[in-house]
Each structure stands twice: as C-alpha cells, then as structure tokens.
Amino acid sequence: MLDLNFIRNNAETVKKAILNKRENGRVDELLEVDSRKRSLLFECEQKRNRLNKTSKEISGLKKSKQDASELISDMKVLSQEIKEFEQKLRNVDHELNDIVIRIPNIPAEDVPVGLDESANLEIKKWGDRKEFNFTPKPHWEVGSTLDILDFDRGSKISGAGFVLYKGFGARLERALYNFMLDLHTTEHGYREIFPPYLVNRQSMFGTGQIPKLEDDMYQTREEDMFLIPTGEVPVTNIHRDEILSIDHLPICYTAFTACFRREAGAHGKDTRGMTRVHQFNKVELVKFTHPDTSYNELEALLINAEKVLQLLGLEYRILKLCTGDLSFASTKCYDIEVWAPGTKSYLEVSSCSNFEDFQARRSNIRFRDKDKKVKFVHTLNGSGLALPRTMIALLETYQLEDGTVAIPEVLQKYMGGVQKIEI
RNA sequence: GGAGAGGUGGCUGAGCGGCUUAAAGCGGUGGGUUGCUAACCCAUUGUCUCGUUUUAGGCGGGACCCCGGGUUCGAAUCCCGGCCUCUCCGCCA
C-alpha cells in the first residue's frame, strides 16, 4: 500500500497511476475520509488529554482523602463521550483503510505507458531459433508418447488442469528444480528456504494478494488459510513485522514451492497441455533491499533468472511490461518468455518485479538506516523459474524426430547420467 | 482433541488497578579513564500518529506491555473472546 501522506500530497500522480494501470481507486473519497478522520482524531485526543489529566487529579485528591465525587461524575460523562468518538473513529478508520489498501502501486518513471500487453517493450532476445527437419510436436504429444506426462489420469485424480508426471517426467521435474536451486544458492548467493504452502490471511494481505485476488486462491474452510499461489507469499512474509539490520541487506532468498491457482477468470484459456494448470512447481527468488539499491537489484535478479534458460540452451525474450500490464503491487516488471517450438509460442516463465516499499508497508518490514531512522525496505521477486513451462520448452526444443527427447548437458548429472528420454 | 503454564522494549526479566513517564540487567550509541585490549565510570537509548513550527530539529498532545472487545474517573494489571508458544496426555505420517 502507498503512504497515506504521499497520497495526500500527490493525489494527481496517484490518480494518473491508477488510470495507467487500468485499476480502480477512490482517491478523492480517500482524501475526504482522511480529513474527516483527522478532525475526529484531533477532537478525540483533546478529550482524552483532559480525561488523563483529571484522572491524575482524582488520584491526588483520593490520596489526600479529599472528595472527588464531582470530578468523577464529570469524567463519567467525558469517558462515555470518548467511547462514542472512538467508535466513530474506528468506523472512519476502517473506511479509510478499506480504500487505501485497494490503491495500486505507482509505475516507475521508465515504464512505458500502455493499455495492455501489446504495449509491452521487447528489450532483449537470446538464443537462436532452433531448426527442425520435421514438424516439432506440442509437449502433450511428446509427453504422452514417452509416457512421462499423463493428463487423463491427472484429471481423473483431481480434475481438469492437474498433471501427473511419471518416470523420467517426474525425474526431469526434480532434476530441473534441483539444478535451479543449486545454481541460485552456489553461483548467485541466495539462501535456500523451504516454506509452508499454507498461509494465513495476514500473509496474503502482506504481499498484496488480498483483497484483490482472493477469489483466485484455494482457501481452507475451517482455518481461514490459503494455499500459496506463489512462493513469494511465504518467503516475503518471513520478515513481516521485523526491523532488519542494515548490515544484513540485501537479503536474498530462493525457495522451491508448489503453487496453487484456481485460474478462476481463465476458463477456456490454454486448456491443452500444461501451460496453465492449478498446481505447479516454481523456484522463486526474493530480495529485501535498501531503497537506494532496489532497481540495481532488480537488474541483477533478472540476470540470475535468465541464467537458467541460458544454461539450458533455451531461446527466450525479455519484455518490459507497460503500465497496463503491470500487477497491482509492482512498480516495474520484466517478463521472461521462453520459446516453445511445438506450440509455437512464447511462454512466460518469470516475472521479475520491484515493489519498492508497497509490500513492505503492508507487511511492516523495516530496517534501521545509517541515520538511525527506521524505514521500509524494498521487496523484489521473480521466478527462477516456473517449472511446467520450462519443461514444455525443454520437451519441445529437445525432441527428436523419433519421439525421444535429449537431455541438456547441465541436467544430465541430475538425471543419473541419462542423456535421452526414450520410450 | 483433553489438561495445565505463559505471551512485557533489540534481548533477559520485574510489575498484577492510580507511587510506571514500564524497574533492573544485558546489548547499542556518545563521552571519560587507560601504553593497547579488557574492565570500570558518566550520559543516552523504542515505535506509530496528530498538532505546531521548521534549515536540521524542536515543542505540545495521543496511542502502543500478543490481537479484539468490555468493566472503571483511571487498565500492562480485572473480565470475555481469539491467536500464538511451551509442558503433559491422547491420536497420527
């Protein structure tokens, strides 16, 4: 969420940001409620001041055994008044809060303004388009032929949008995330985390999934808990309500987690194969940084994520998202899209975002700066990478004419030396 | 799931209706002493927020002792509800 004081002083900037992001936000109403709240607060505090002072007087009178009954009956009235004010104040505060938490973060200066994905800026292409002397098949065909992906049984067990990995399919999945984790921990300096998959409401609020995306998540009935849609949620919340030492910044974590998404608004989209599924694995990168360095750290994070595809030898491009495609909480975001030759499309495998202090303010994650002041950290995250789409690109890129799939060299040691998946 | 104990500042820990503006210790910061370190001595030490003034920062008020309600002139302290932690029992991978 944004700083209320910032919104007061920069209402037009905020309105413009909302417009550019194609979000909703009631800024004028916010300002009105805010000023109503402050005048209530002022009045309430004055009454409270009088009450506090008089209570001390009563205490003194009682000690010297003097009569205080008049003051006490006065205070009885005042106390009741204060209760009424506090109730009003609580209501106004809720009203205010309800508006402010729904106002999106402001795009960074260098983010292109645009309505939708067509305005995204392609800023990099890596790798050569692989030549096939046959027509490359989509991954669902490759996977079914090799009996390493089983879509029918996945939906029998759980429903549409669930995949069963079998044999070397399961092994390849394991190889991929072990490879990614090893790379990020040993080469890129991230600390490995294995978090809970089920989190409470406050954690979901902290990273911004609640209230906007509440319906996209799986929720438990009895406990008011949510299955995480991304590792970002538990990992960012590690430091919720903490004051970090500046000496520890930046803190860099990587985590392998399953992710669960209802995809409620995406029925009929990408139904074939495993481009869009309800449960998938992902290796996440999360950073907590000093405000001065967050944009540099974003570039570094992007490079760390790219490295995975480079080592796997998969062609990809990088998009700088325009304002209209930017998520609610982010100020700037790069998407990495891997090329899938079988389905002939670019698939998003990572979104690397800076949230500045938006999540930190919601989750109350702070640090003590050199000037001894307590400030909010900046939080960042990106996938490094999402597994199913990486696997899609891998199967489709490394498929051979005879239906087998070659294993890239970096993965072979994770596959027990297997160089090729055969029938 | 049952029974009990408990949640207090960066940490340990006292307080259990007004003498708390939260003791004391540790730690941190500044200074002193000292050949250097250690030790010792002195001072200082939270967060949020409102108002006012502003160069920095002051000054005044309010809130905060897990969270939310309540009782009371007055709550860290009493009552109710919730969350979390620990111990024991039961169940279980």
Side-chain angles (χ1 to χ4, degrees), chain A residues 1-9 30-101 194-206 210 219-226 234 237-249 251 258 288 357-358 360-377:
Chain A
M1 94 187 124
L2 294 173
D3 181 14
L4 192 55
N5 202 36
F6 176 87
I7 303 176
R8 269 179 217 140
N9 299 323
L30 179 82
L31 295 176
E32 183 270 315
V33 176
D34 176 53
S35 79
R36 192 144 48 91
K37 179 204 158 170
R38 278 192 291 172
S39 69
L40 263 176
L41 184 66
F42 186 71
E43 208 171 335
C44 190
E45 286 184 350
Q46 278 187 323
K47 286 181 192 291
R48 219 171 225 305
N49 182 230
R50 193 150 70 85
L51 181 77
N52 288 346
K53 279 190 178 140
T54 313
S55 287
K56 271 189 188 126
E57 266 178 60
I58 291 170
S59 171
L61 287 174
K62 286 217 161 173
K63 231 169 281 168
S64 58
K65 305 242 191 286
Q66 286 175 273
D67 177 48
S69 56
E70 196 176 325
L71 283 179
I72 288 178
S73 69
D74 280 358
M75 286 310 100
K76 217 170 213 158
V77 176
L78 183 63
S79 176
Q80 209 47 48
E81 264 179 60
I82 291 175
K83 285 226 166 77
E84 282 163 27
F85 262 86
E86 284 181 334
Q87 188 53 50
K88 275 193 224 164
L89 204 55
R90 262 199 295 277
N91 292 342
V92 174
D93 216 34
H94 280 135
E95 210 180 318
L96 187 68
N97 198 251
D98 194 60
I99 301 174
V100 78
I101 62 169
F194 188 76
Y197 290 179
L198 216 45
V199 303
N200 56 33
R201 181 170 285 274
Q202 220 182 333
S203 291
M204 282 300 182
F205 175 80
I210 284 179
Q219 189 172 5
T220 64
R221 182 179 293 278
E222 314 298 337
E223 325 285 345
D224 195 29
M225 295 185 93
F226 300 83
N237 275 281
I238 288 174
H239 295 299
R240 169 151 53 83
D241 292 319
E242 290 183 18
I243 297 177
L244 305 169
S245 163
I246 190 171
D247 305 328
H248 296 149
L249 300 181
I251 296 173
F288 303 81
D357 62 5
F358 192 86
R361 186 169 284 109
R362 284 181 162 239
S363 343
N364 198 28
I365 307 171
R366 298 173 296 172
F367 74 103
R368 196 174 296 278
D369 208 347
K370 288 205 179 67
D371 60 11
K372 301 247 192 291
K373 283 192 179 140
V374 176
K375 298 174 185 170
F376 290 107
V377 298

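Order of the sequence lines fixes the chain letters, A, B, ..., with proteins taken first and strands second; residue numbering starts at 1 for each chain.
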Colleague: State whether Lys47(A) places a side-chain N or O below 4.0 Å from either non-bridging phosphate oxygen (OP1 or OP2) of C73(B).
Modeller: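 For C73(B), OP1/OP2 do not have a side-chain N/O of Lys47(A) under 4.0 Å.
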Colleague: Heavy atoms only, 4.0 Å cut-off, all strands: where does Leu78(A) land among base, sugar-phosphate and nothing?
Modeller: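 Counting heavy atoms under 4.0 Å across all strands, no contact is made by Leu78(A).
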Colleague: Can you name the closest pair of heavy atoms from Ile101(A) and Asp98(A) and give their distance?
Modeller: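 In terms of heavy atoms, the two residues are closest at CG1-O, 3.6 Å.
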Colleague: Taking only N and O in the side chain of Arg368(A), is any of them less than 4.0 Å away from OP1 or OP2 of U47(B)?
Modeller: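 Yes.
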Colleague: Closer than 4.0 Å, any side-chain N/O of Arg366(A) to the OP1 or OP2 of C48(B)?
Modeller: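 Checking C48(B) against Arg366(A), a side-chain N or O does come within under 4.0 Å of OP1 or OP2.
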Colleague: Hey, is the main chain of Leu51(A) close enough, under 3.5 Å, to the side chain of Ser55(A) for a donor-acceptor pair?
Modeller: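 Pair found, side chain donor or acceptor close to backbone of Leu51(A).
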Colleague: To check you understand the geometry: which heavy-atom pair defines the closest contact between Arg368(A) and Ile246(A), and what is its length?
Modeller: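 Shortest heavy-atom separation between Arg368(A) and Ile246(A) comes out as O-CB, 3.4 Å.
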Colleague: Identify whether any heavy atom of Arg361(A) sits under 4.0 Å from a base atom; if not, whether one sits that close to sugar-phosphate; answer base, sugar-phosphate or nothing.
Modeller: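 No contact.
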Colleague: Look at Ser79(A) and G74(B) and indicate whether a side-chain polar atom (N or O) is within less than 4.0 Å of OP1 or OP2.
Modeller: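 Looking at the OP1 and OP2 atoms of G74(B), one of them is under 4.0 Å from a side-chain N or O of Ser79(A).
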Colleague: Given U71(B), C50(B), G18(B), which nucleotide is nearest the side-chain atoms of Ser55(A)?
Modeller: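 Comparing U71(B), C50(B), G18(B) against the side chain of Ser55(A), the answer is G18(B).
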Colleague: Searching all strands shown, indicate the nucleotide that pairs with U47(B) (Watson-Crick or G-U wobble; both distances under 3.5 Å).
Modeller: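 When the pairing criteria are applied, A63(B) turns out to be the nucleotide that pairs with U47(B).
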Colleague: Across all strands shown, which nucleotide pairs with A76(B) by Watson-Crick or G-U wobble geometry, both distances under 3.5 Å?
Modeller: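 No nucleotide pairs with A76(B).
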Colleague: Rounded off to whole Å, could you give me the CD1-to-C1' distance for the Ile58(A) and G17(B) pair?
Modeller: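 After rounding, the gap between these two atoms is 14 Å.
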Colleague: Whole Å only: how far is the CG atom of Leu71(A) from the C1' atom of G18(B)?
Modeller: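 Between C1' of G18(B) and CG of Leu71(A): 15 Å.
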Colleague: With side chains defined as the heavy atoms from C-beta onward, is the minimum distance between Ile365(A) and Glu242(A) less than 4.5 Å?
Modeller: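 Ile365(A) does not reach Glu242(A) side chain to side chain.
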Colleague: Enumerate the protein-to-nucleotides 63-69 of chain B contacts in which both atoms are nitrogen or oxygen and the separation is below 3.5 Å.
Modeller:
unit_1: A63(B); atom_1: OP1; unit_2: Arg48(A); atom_2: NH1; d: 3.2
unit_1: G69(B); atom_1: OP1; unit_2: Arg90(A); atom_2: NE; d: 3.4
unit_1: G69(B); atom_1: OP1; unit_2: Arg90(A); atom_2: NH1; d: 3.4

Colleague: Considering only atom C1', compute the distance from C89(B) to C26(B) and round it to an integer number of Å.
Modeller: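 These two C1' atoms come out 38 Å apart once rounded.
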Colleague: Quick one: does any side-chain atom of Ser245(A) pair with a main-chain N or O of Asp247(A) as donor and acceptor, under 3.5 Å?
Modeller: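 Present.
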Colleague: Would you indicate what Thr54(A) reaches in the nucleic acid, counting non-hydrogen atoms under 4.0 angstrom: base, sugar-phosphate, or nothing?
Modeller: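 No contact at all - Thr54(A) keeps every heavy atom at 4.0 Å or more from the nucleic acid.
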Colleague: Roughly how far apart, to the nearest Å, are G68(B) and C64(B) at atom P?
Modeller: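 My reading of the P atoms in G68(B) and C64(B) gives 10 Å.
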Colleague: Taking the side chain of Leu41(A) as heavy atoms from C-beta outward, which of C48(B), C50(B), C73(B) is closest to it?
Modeller: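 From the listed options, C50(B) comes nearest.
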Colleague: Which of the following nucleotides, U71(B), C73(B), G51(B), is nearest to the side chain of Leu51(A)?
Modeller: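 Output: C73(B).
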Colleague: Distance check needed: U49(B) P versus Leu96(A) CG, whole Å only.
Modeller: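 Answer to the nearest Å: 13 Å.
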Colleague: Side chain of Ile72(A) only, please: which of C48(B), C50(B), C73(B) is the nearest?
Modeller: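 The listed nucleotide nearest to Ile72(A)'s side chain is C73(B).
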Colleague: Are Arg48(A) and Glu86(A) within salt-bridge range, i.e. N to O under 4.0 Å?
Modeller: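 Between Glu86(A) and Arg48(A) there is a salt bridge, with a charged N closer than 4.0 Å to a carboxylate O.
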Colleague: Could you check which nucleotide pairs with C16(B) in any of the strands shown, counting Watson-Crick or G-U wobble with both distances under 3.5 Å?
Modeller: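 Because no pair has both required distances under 3.5 Å, C16(B) counts as unpaired.
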Colleague: Sticking with atom C1', work out how far G18(B) lies from A76(B), rounded to a whole angstrom.
Modeller: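 Looking at atom C1' only, G18(B) and A76(B) are 14 Å apart.
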Colleague: What contact category does Lys37(A) fall into here, base, sugar-phosphate, or nothing, at under 4.0 angstrom with non-hydrogen atoms?
Modeller: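 If one applies the 4.0 Å heavy-atom cut-off, Lys37(A) turns out to touch nothing in the nucleic acid.
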Colleague: Show your reasoning for whether side-chain contact (heavy atoms from CB on, under 4.5 Å) applies to Glu45(A) and Asn49(A).
Modeller: CA-CA 6 Å; Glu45(A) 286 184 350; Asn49(A) 182 230; over 6 Å; no
Colleague: Expressed as a whole number of Å, how far does the C1' atom of A5(B) sit from that of G58(B)?
Modeller: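 Here A5(B) and G58(B) have their C1' atoms 47 Å from each other.
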Colleague: For A22(B), what is the paired nucleotide under Watson-Crick or G-U wobble rules, both distances under 3.5 Å?
Modeller: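 Here A22(B) is not engaged in any pair, so there is no nucleotide opposite it.
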Colleague: Check whether any side-chain N or O of Asn49(A) sits under 4.0 Å from OP1 or OP2 of G61(B), and answer yes or no.
Modeller: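 Answer no for this pair, as no side-chain N or O of Asn49(A) is under 4.0 Å from OP1 or OP2.
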Colleague: I'd like the P distance from C83(B) over to A93(B), given in whole Å.
Modeller: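 The answer is 26 Å between these two P atoms.
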Colleague: Exactly one of Arg366(A), Arg362(A), Arg361(A) should register a side chain to side chain donor-acceptor pair (under 3.5 Å) with Asn364(A). Which one does?
Modeller: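 Checked Arg366(A), Arg362(A), Arg361(A) against Asn364(A); only one passes side chain to side chain donor-acceptor pair (under 3.5 Å): Arg366(A).
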Colleague: Using purine N1 to pyrimidine N3 plus N6-O4 or O6-N4 for Watson-Crick, or N1-O2 and O6-N3 for G-U wobble, both under 3.5 Å, which nucleotide pairs with C40(B)?
Modeller: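 Answer to the pairing question: G32(B), which forms a Watson-Crick or G-U pair with C40(B).
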Colleague: If you look at every strand shown and take non-hydrogen atoms under 4.0 Å, does Arg201(A) touch a base, only sugar-phosphate, or nothing?
Modeller: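 Since no nucleic acid heavy atom lies under 4.0 Å of Arg201(A), the category is nothing.
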Colleague: Between Asp357(A) and Phe376(A), is there a donor-acceptor pair closer than 3.5 Å when you use the side chain of the first and the backbone of the second?
Modeller: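 Not a single qualifying donor-acceptor pair exists.
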Colleague: Select one nucleotide: of G18(B), U72(B), G51(B), the one nearest the side-chain heavy atoms of Arg38(A).
Modeller: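 Ranking G18(B), U72(B), G51(B) by closest atom to the Arg38(A) side chain puts G51(B) first.
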Colleague: Any strand is fair game: report the nucleotide pairing with C86(B) by Watson-Crick or G-U wobble, both distances under 3.5 Å, or none.
Modeller: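 Answer to the pairing question: G4(B), which forms a Watson-Crick or G-U pair with C86(B).
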Colleague: Using purine N1 to pyrimidine N3 plus N6-O4 or O6-N4 for Watson-Crick, or N1-O2 and O6-N3 for G-U wobble, both under 3.5 Å, which nucleotide pairs with G9(B)?
Modeller: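 Partner of G9(B): none found under 3.5 Å.
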Colleague: Does the structure show a Watson-Crick or G-U wobble partner for G57(B), both distances under 3.5 Å? Name it, or say none.
Modeller: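 Because both required distances fall under 3.5 Å, G57(B) counts as paired with U53(B).
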